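Keep in mind that what you see is a predicted model, and the values were worked out from it rather than measured. Just so it is clear, the values below take in all heavy atoms, side chains as well, and ignore hydrogens, waters and symmetry mates. In each ligand, atom 1 is the first atom listed, and ligand 1 is the first ligand listed.
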Amino acid sequence: MDWEEIYRKGEVFWNKGAPSPPMKQYLERHPVRGRALVPGCGHGHEVVLAVAHGLDAIGLDIAPTGIAEARALYPQLAERFVTGDLFNPPEEMRGAFDIVLEHTCMSGLHPSLRADYRRGIDLTLRRGGLLVGVWFINPDLDPGDEGPPFPFSVPDLTALFADGYEIVEDYVPDATFDTRAGRERVRVLRRLG
Ligand SMILES: C[S@@+](CC[C@H](N)C(=O)[O-])C[C@H]1O[C@@H](n2cnc3c(N)ncnc32)[C@H](O)[C@@H]1O
């Protein structure tokens, strides 16, 4: 995927223009503190949400235009949006985060890149830290659809973090964007020490 090209063309079909309702609900119910990373942050709505809930949050995205647009949308948080590759994160991000907030980064990646995603989480999240995920569950593509989002099931999620993480929370959220009802799963994983 050429993410930069997609942003340049303005074809950001996934962008809802507002923070994820399940992520919002999770943060309202769980007082969390510390440094947070939002990988593949796009326009940064979840970064804004995280900061509003007291987290010292950074959004990372591989597409410079996506980051420029996030900065333009949220100029007061501009320094929190960083261009970079989760698969090869900047040195200062390695082991630096207490929490990673996942929202439609993983489901945008071709399945062949899932091991790189997992490695990117391992490189940035400290041991004992939390991976708070609103995972987009999409086991089958519609006819003619090639993705993204790519096929991803709950067993795929379980397999991706089968070692080195424990599940601390797992549920189908009742707060969702209309078009995603029943297709999201909140699963929170703790990285083992
Ligand atoms: C489907 S979009 C989701 C954007 C945002 N999370 C949202 O919910 O609106 C996936 C995002 O992941 C970013 N991305 C893809 N590969 C990446 C990588 N290796 N490192 C950082 N960001 C990446 C893309 O540029 C894109 O912004």
Is it the case that atom [atom1] in [X] sees more than 12 heavy atoms from other parts of the structure closer than 6.0 Å?
| X | atom1 | answer |
| --- | --- | --- |
| Arg94 | CZ | yes |
| Glu146 | CD | no |
| Asp178 | CG | no |

query = Near ligand 1, which residues have a heavy atom under 4.0 Å away from one of its atoms?
reply = Trp3, Tyr7, Trp14, Gly40, Cys41, Gly42, Asp61, Ile62, Ala63, Gly84, Asp85, Leu86, Phe87, His103, Thr104, Leu109
query = Between Asp98 and Arg35, is the closest basic N to carboxylate O distance under 4.0 Å?
reply = no
key: His30 and Glu169 side chains, donor-acceptor separation under 3.5 Å   = yes
ask   = How about Phe81 and His43: are their ring centres within less than 6.0 Å of each other?
value = no
